[in-house]
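The figures here come from the full heavy-atom set of this structure, side chains too, leaving out hydrogens, waters and symmetry mates. Every number for a ligand or one of its atoms is a count from 1 in the order of the listing.
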Amino acid sequence: MKIKLDIKSNAVDSFNEALVKFESAQNGDVKAYKFTILHLSHAIELVLKMYLQTLDENLVFSKCYQKVKQRASAKKIDLLAAFHELEAEEFDFESVIDGHDNPFTVIVSDVLAIAKNEKCGVTGNTFVDQDFIDDINWMKGIRNAIEHFQVEFTAKEVRLCIGRLVQGLGEFSDVFSLLSLEKEVGKENYEIFKVLVDEYEQSLEEAHMDIREAKEALFRGTRPKHQMFIEWNEYLCDSCGNETMIPNDDSSTGYKCTYCDNEESGQIEVDCDVCSLPWANEDMSYWDENLVNVCPRCVNPEAW
Ligand SMILES: [Zn+2]
Ligand SMILES: [Zn+2]
């Protein structure tokens with residue numbers, strides 16, 4: 001029982017620490033991504049071990065796990081089925097590690113090899129997504145090559161993967177009733193957690209990051225004297241409803257949404273064919289083929 005409690009509180013501590021580092025990384029300290037990954041991978045490892053403990057308290061120890069593995073290969077059944085067989089025979093896992101003071105524990109891939117066989121009793125679908133497993137493997141790879149990771153991956157790729165891992169970890173914890181990340185996460189980290197755990201919120205946050213980066217790049221590339229001539233607008237996207245339409249040279253309208261790539265917005269300004277003043281295109285009236293865009297002022301001068 002003692003080990004169980006330690007694993008849980010260590011998992012929560014590591015998870016919170018990962019969120020703290022993620023926030024510093026987002027605020028510009030790019031090196032903090034690597035610590036985010038280290039802490040997050042530790043949290044994931046511990047939560048996976050908590051899952052093993054729901055099967056049997058001692059299954060986190062390699063020697064006990066080996067017994068399951070031996071049964072699986074002897075009977076040519078999957079690891080979970082092998083465990084359930086041993087359990088039904090009241091196999092004494094405790095005795096396997098008796099007398100060992102500090103037995104080795106299993107590694108992440110061992111846990112996943114068992115967990116991936118867990119199926120929903122109703123639908124028959126597996127609980128553990130292959131994508132989650134792939135992301136964990138990606139993370140292990142990046143962790144091992146952590147010194148080089150900035151060369152190989154963009155910050156955005158790293159952020160998106162961290163988001164998917166947090167989402168995957170949240171689902172895994174829920175499905176096996178291990179812990180509620182939402183409840184355990186510290187108050188000061190809650191906002192950052194909310195964004196990461198929600199796929200939509202995270203993509204939206206990414207869209208806003210793209211806007212900041214595009215704007216910075218544009219101003220950086222323009223001499224201070226000329227910056228006043230930059231036409232920078234952020235418009236409401238007609239398609240996704242976010243204020244994420246920004247100038248884009250490749251777009252036919254001159255604007256593109258960083259969230260959904262749509263190029264249309266009623267707020268994009270066009271020049272009035274009568275008075276030549278710019279207005280939002282959604283406010284324009286069509287008179288005839290020569291007066292395609294007529295502004296409200298020219299349509300109804302008395303009202304102004
Ligand atoms: Zn959009
Ligand atoms: Zn006009």
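In this structure R71 satisfies the salt bridge (charged side-chain N to carboxylate O under 4.0 Å, His left out) test together with E85, E89, sequence neighbours excluded. Checked against salt bridge (charged side-chain N to carboxylate O under 4.0 Å, His left out), D78 has no partners two or more places apart in sequence or in another chain. The salt bridge (charged side-chain N to carboxylate O under 4.0 Å, His left out) check on E182 picks up K194, with sequence neighbours excluded.
The minimum heavy-atom distance between L79 and A72, with the atom names listed, is CD2-CB, 3.9 Å.
Rounding to 10°, one obtains 100° for the angle at the Zn ion (ligand 2) between SG (C298) and SG (C295).
Look at E184 and K8 and you find a salt bridge, because one of the NZ, NE, NH1 or NH2 atoms lies within 4.0 Å of a carboxylate O, short of that distance.
Panel detail: the Zn ion (ligand 1) has protein N, O or S atoms under 2.8 Å away, 4 in number.
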| task | Output, in order, the C-alpha distance, side-chain angles, deciding distance and verdict of side-chain contact (heavy atoms from CB on, under 4.5 Å) for C161 and W138. | result | CA-CA 9 Å; C161 188; W138 179 88; 3.0 Å; yes
